[in-house]
Amino acid sequence: MAETHETVFKSVQELANDNQVPEKYIHTQGSINSSSPLLDVPVVDLSLLTSPARQQELNKLQSGLKFCGCIQVINHGLADSFLDKVHEISKQFFALPAEEKLKYARTVDDIYGYGNDSVLSDKQKLDWTDRLYLNVFPEDIRNLKLWPQKPECFREVLEEYIKNMKLLSESLLKAMAASLNLEENCFLDQCGERGDMIARFNFYPPCPTPEVVLGVKPHADASAITILLQDKEVEGLQVLKDDQWFRVPIVPYGLLVNVGDQVEIMSNGIFKSPVHRVVTNAERERNTLAVFIMPDVTVAIGPVEKLINEERPRAYKDVKNYVELFFQSYQHGKRPIETAMICQEQD
């Protein structure tokens, strides 16, 4: 008997084509503002990390990750033409006929593959997005049955992108440690030999009612860090800072790097894992690719000893398999990092 896939789901793309917005996508708590002020995200030139201007760039990186939890990186070693190819395979995949995409559909009890939100409760508000979630590293955890064969160059381009993301994530984690005057491998070592990388291709179709529908609900990432290839033309990402939503600008051919909860824990709260969301757009579709750098689930992570002192006491417990904690908390509408926090006796 054929393996059963959750093919009964209606893709958001189909809903958009039919001009339908079902009730479960509608957020009733006020109008969603897509024209919030622009966030001042520092732009870090990675090529300067091996130059006399190294300290200046490290300071910029540190201040960005303290201030808003994210930075834009340029001169990261990936050619503009190659990033165009990465965008192209994503657009081409989501433009395929439904029956072709459904060959890669996720099963009901799994997040990996092509699909959209896992429905966990009747009260849940759904995200206006279709996704392709893939385990990409280490190589032995890849499920190649879920890697599209169309467009034909999909696998080859993704493979090349992942190799680059591996190198880039290692450089970034070292730079983040160096910016705090720590031994440069201290965050990297906590990620362990078997840290995972997960790629998520996101497709946000135009939405008829962007003022009440979100592409992605507010959340912070469970990763160590997340590297996002933004759409070159269409904004959508917003970050919460001081109880206000700010738009994240597009830097053409730059990559947006944000702190995940696990590096917030490792840095003892110096670097902030930002709460963020995605707004929808009435006219234009949006394509992005997020790569999540995840520490090894079998290794406990915790604040680096050198970052614990009288002025900044230890703020988090050691945690193992944070992702499990993340999904349990996320279902209950809580920030999972709160369960890892140590309550201080006094201010």
Side-chain angles (χ1 to χ4, degrees), residues 9-17 25 32 34 70 72 83-96 98 101-102 104-106 110-119 125-136 146-148 151 154 157-158 161-162 165 197-207 210 213-223 225-239 247-258 260 274-294 326 330:
F9 81 87
K10 193 160 191 178
S11 72
V12 174
Q13 202 168 359
E14 288 173 273
L15 295 174
N17 290 342
Y25 288 90
I32 294 161
S34 58
C70 52
Q72 307 264 16
L83 292 180
D84 283 340
K85 268 190 206 167
V86 177
H87 272 299
E88 205 47 45
I89 61 166
S90 179
K91 288 178 85 156
Q92 287 175 0
F93 172 75
F94 288 109
L96 290 170
K101 287 183 293 215
L102 288 171
Y104 311 102
R106 67 174 181 80
D110 201 358
I111 63 166
Y112 296 106
Y114 165 68
N116 43 32
D117 269 357
S118 301
V119 180
K125 292 296 175 193
L126 300 183
D127 294 339
W128 191 261
T129 178
D130 292 328
R131 307 182 179 113
L132 177 66
Y133 244 123
L134 299 172
N135 254 326
V136 293
L146 298 176
W147 285 47
F154 187 98
V157 172
L158 179 57
Y161 190 69
I162 293 312
M165 289 300 103
M197 284 170 62
I198 298 162
R200 193 180 74 201
F201 292 86
N202 305 298
F203 176 70
Y204 304 98
C207 177
V213 175
L214 284 169
V216 178
K217 292 178 284 298
H219 68 288
D221 291 345
S223 58
I225 56 173
T226 303
I227 304 172
L228 180 72
L229 178 61
Q230 292 221 71
D231 192 300
K232 283 188 307 187
E233 293 166 1
V234 185
E235 274 185 20
L237 182 63
Q238 295 190 343
V239 163
R247 286 155 42 227
V248 174
I250 294 167
V251 173
Y253 301 110
L255 293 165
L256 183 83
V257 178
N258 72 269
V275 172
H276 50 284
R277 69 181 187 182
V278 174
V279 296
T280 52
N281 184 300
E283 280 90 43
R284 306 182 70 181
E285 65 178 53
R286 182 169 173 266
N287 278 274
T288 66
L289 170 55
V291 173
F292 302 96
I293 313 299
M294 313 292 289
F326 180 87
Y330 189 57

Q) To the nearest 0.5 Å, what is the distance between OG1 (Thr129) and OH (Tyr204)? A) 4.5 Å
(Q) Ignoring hydrogens, what is the shortest heavy-atom contact between Pro205 and Ala16? Give both atom names and the distance. (A) CB-CB, 3.7 Å
Q.
Within the 4.5 Å heavy-atom criterion, are Leu158 and Leu134 side-chain neighbours or not?
A. yes
Q | Partner residues of Phe154 under the ring-ring contact (aromatic ring centres under 6.0 Å, His included) criterion, sequence neighbours left out | A | Phe201
Q. In Å and rounded to the nearest 0.5 Å, what is the CG to CD distance from Asn287 to Gln230?
A. 12.5 Å
Q) Side chains of Leu214 and Lys125: closer than 4.5 Å at any heavy-atom pair? A) no
Q) So how far is it from Ile225 CD1 to Ile293 CD1, rounded to the nearest 0.5 Å? A) 5.5 Å
Q | Minimum heavy-atom distance between Tyr112 and Arg106, given as atom pair plus value | A | O-CB, 2.9 Å
Q | From Leu237 atom CG to Leu228 atom CG, the distance as rounded to the nearest 0.5 Å | A | 6.5 Å
**Q.** Geometric cation-pi criterion, Arg200 with Tyr133: 6.0 Å, 45°
**A.** yes
(Q) Looking at Lys85, I want to see if its NZ is surrounded by more than 12 non-hydrogen atoms of other residues, nucleotides or ligands under 6.0 Å. (A) no
Q: Take Val279 and Arg286, measure what side-chain contact (heavy atoms from CB on, under 4.5 Å) needs, and give me the verdict at the end.
A: CA-CA 10 Å; Val279 296; Arg286 182 169 173 266; over 6 Å; no
(Q) Between Leu83 and Leu229, is the side-chain contact (heavy atoms from CB on, under 4.5 Å) condition met? List the steps. (A) CA-CA 8 Å; Leu83 292 180; Leu229 178 61; 4.2 Å; yes
Q: Flag the pair Val136 / Tyr161 as yes when at least one side-chain heavy-atom distance between them is below 4.5 Å, and no otherwise.
A: no
Q. Is any side-chain heavy atom of His219 closer than 4.5 Å to a side-chain heavy atom of His276?
A. yes
(Q) I need the full list of salt bridge (Lys or Arg N to Asp or Glu O under 4.0 Å) pairs touching residues 226-239, with sequence neighbours left out, sorted by first then second residue. (A) Asp84-Lys232, Glu233-Arg284, Glu235-Arg247
(Q) For a 4.5 angstrom cut-off between non-hydrogen side-chain atoms, does Trp128 reach Val278? (A) no
Q | Over all atoms of both residues, closest heavy-atom pair of Met197 and Ile162 | A | CE-O, 3.8 Å
Q) For Ile32 and Pro210, which heavy atoms make the closest approach, and how far apart are they? A) CB-O, 4.0 Å
Q | Heavy-atom check, side chain of Leu256 versus side chain of Gln72, under 4.5 Å | A | yes
Q.
Could you report the tightest heavy-atom contact between Gly215 and Asp127, atom names first, then the distance?
A. O-CB, 2.9 Å
Q) Would a 4.5 Å heavy-atom cut-off, applied to side chains only, mark Val86 and Leu289 as touching? A) yes
**Q.** Met294 side chain near Asn135 side chain, heavy-atom distance below 4.5 Å
**A.** no
Q: Assess whether side-chain contact (heavy atoms from CB on, under 4.5 Å) is satisfied between Leu126 and Asn116, documenting all intermediate values.
A: CA-CA 9 Å; Leu126 300 183; Asn116 43 32; over 6 Å; no
**Q.** Nearest non-hydrogen partners of Leu146 and Ala105, listed with the distance
**A.** CD2-O, 4.2 Å
**Q.** Full working for side-chain contact (heavy atoms from CB on, under 4.5 Å) between Leu132 and Lys101
**A.** CA-CA 10 Å; Leu132 177 66; Lys101 287 183 293 215; over 6 Å; no
